[in-house]
Amino acid sequence: MKKILFHLAIGLLLFSSCQSKPDKVKKEVPFVQKETKKETPLKTEASLKQILLKPEVPILCYHRIRNILASDGPNMKTYSVTPADFAQQMKALADNGYHTILPAQLNEYLLHDGKLPSKPVMITFDDTREEHFNIGAAEMNKYGFKGVFFIMTISINRPKYMTIDQIKNLSDSGNVIGAHSWDHHMVTKYVGEDWNVQLTKPKKKLEEIIGKPVNDFAYPDGIWNQAAIPEIKKSGYKHAFILSTKRDSLEPLYTIRRIIVAGTWSPTGFLKAMQSSFNK
């Protein structure tokens, strides 16, 4: 009897163990490796010595594109290039393998050893003249050239000067818009509020027109002094352009050289003048 009871008890234990629920299987949490953000290394800027040792890029400056009259004085003849001569000069650049660059490319070349196209050249225009849009830009477009147009804001929308729409069109087409002061007063004459009127306000007005930063300033008459450079920097400009005088060894980005294209140059003379002036 005891044996029967013993076997019965064992059977009940085995039966109850079979009916018990199995332990829940723990779900494995997949291992997700966090992506580490790659930090872009800061670019090393060239020293002043390195900047000054780089070959200069030829930069041309145009003022008037108009037929020269018999009554024109020496200055007007120097500052004026006929439409026919301008067309020949653009063709000469294209035929000789030149490629236009803009200030941002020049900055990258000078500061970070950025690559430039073969035979780089920069084409600039001062004073907001309507012919810069109607003749200058139209002729450059034939060769895929882009330029830099320095605007006196006092002249916008005046007769024979560019309109707001034309300035916006130039910017939208890939050209660069720069400031050329409010009313062409030389920076060496500025005092007090002049810095705001001639530098800060024109920059802001042009930025409102084109919807982009304006980083470039051309000194009226190409005349500058050391006192102007901190004010130009303070106003937010990255570059300032002079004419054919020597650039400053301490501020080469704020004394970028250009040459005025004279109305008396032939296409051949134009190329020779450009090459000799910047063959450094």
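Quick note: numbers below take in every heavy atom, side chains included, and nothing from hydrogens, waters or symmetry partners.
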Minimum heavy-atom separation for [X] to [Y], with atom names?
X	Y	answer
Pro252	Leu52	CB-CD2, 4.1 Å
Ala138	Asn134	CB-O, 3.3 Å
Ala227	Pro230	O-CD, 3.4 Å
Lys203	Ser235	CD-O, 3.1 Å
Thr255	Arg247	O-CB, 3.0 Å
Pro83	Ile135	CG-CD1, 4.1 Å

When you measure from the side chain of [X] to the backbone N and O of [Y], does any donor-acceptor pair fall under 3.5 Å?
X	Y	result
Ser173	Asn169	yes
His132	His63	yes
Lys205	Thr153	no
Ser80	Lys77	no
Asp95	Ala92	no
Arg64	Gly263	no
Asn141	Ala137	yes
Gln88	Pro267	no
Thr100	Lys146	yes
Gln105	Leu102	yes

Can you tell me how far the [atom1] atom of [X] sits from the [atom2] atom of [Y], to the nearest 0.5 Å?
X	Y	atom1	atom2	result
Ile177	Leu170	CD1	CG	5.0 Å
Ile242	Ile256	CD1	CD1	9.0 Å
Glu207	Ser171	CD	OG	11.0 Å

Indicate, with yes or no, if [Y] and [X] share a hydrophobic cluster defined by side-chain heavy-atom contacts under 4.5 Å among Ile, Leu, Val, Met, Phe, Trp and Tyr.
X	Y	value
Ile123	Tyr79	no
Val81	Leu271	yes
Met186	Phe150	no
Ile59	Leu111	yes
Met140	Tyr143	yes

Go through the side-chain N and O atoms of Gln226 and Asp248 and say whether any donor and acceptor fall under 3.5 Å apart.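 A pair is found: one side chain offers a donor N or O, the other an acceptor, under 3.5 Å apart.
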
With Asp126 via salt bridge (Lys or Arg N to Asp or Glu O under 4.0 Å) - residues at least two apart: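 In terms of salt bridge (Lys or Arg N to Asp or Glu O under 4.0 Å), with neighbours along the sequence ignored, Asp126 is linked to Arg258.
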
Does any part of the side chain of [Y], heavy atoms only, come nearer than 4.5 Å to the side chain of [X], both counted from C-beta?
X	Y	value
Lys234	Leu199	no
Lys201	Trp182	no
Phe149	Gln166	no
Ile51	Glu45	no
Ile209	Ile151	no
His180	Asp127	yes
Lys142	Met90	no
Met274	Leu93	yes

Please say whether more than 12 non-hydrogen atoms of neighbouring residues, nucleotides or ligands are located less than 6.0 Å from [atom1] in [X].
X	atom1	answer
Lys119	NZ	yes
Lys212	NZ	yes
Lys238	NZ	no
His184	NE2	yes

Just do the side chain to side chain donor-acceptor pair (under 3.5 Å) check on Arg158 and Thr128 with the steps written out, would you? CA-CA 10 Å; Arg158 288 189 173 185; Thr128 333; over 6 Å; no

Give every donor-acceptor pair under 3.5 Å between a side-chain atom in residues 214-225 and any protein atom, sequence neighbours left out.
{"unit_1": "Asp216", "atom_1": "OD1", "unit_2": "His239", "atom_2": "ND1", "d": "2.6"}
{"unit_1": "Tyr219", "atom_1": "OH", "unit_2": "Tyr254", "atom_2": "O", "d": "2.8"}
{"unit_1": "Asn225", "atom_1": "OD1", "unit_2": "Ala228", "atom_2": "N", "d": "3.1"}

Indicate the ring-plane relationship of Tyr62 and Phe125, choosing parallel, tilted or perpendicular according to the 30° and 60° boundaries.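 Rings of Tyr62 and Phe125: parallel, under 30°.
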
What verdict does the side-chain contact (heavy atoms from CB on, under 4.5 Å) test give for Val121 and Phe145, after you've listed the backbone C-alpha separation in whole Å, the side-chain angles of each residue and the deciding distance to 0.1 Å? CA-CA 10 Å; Val121 64; Phe145 290 167; over 6 Å; no

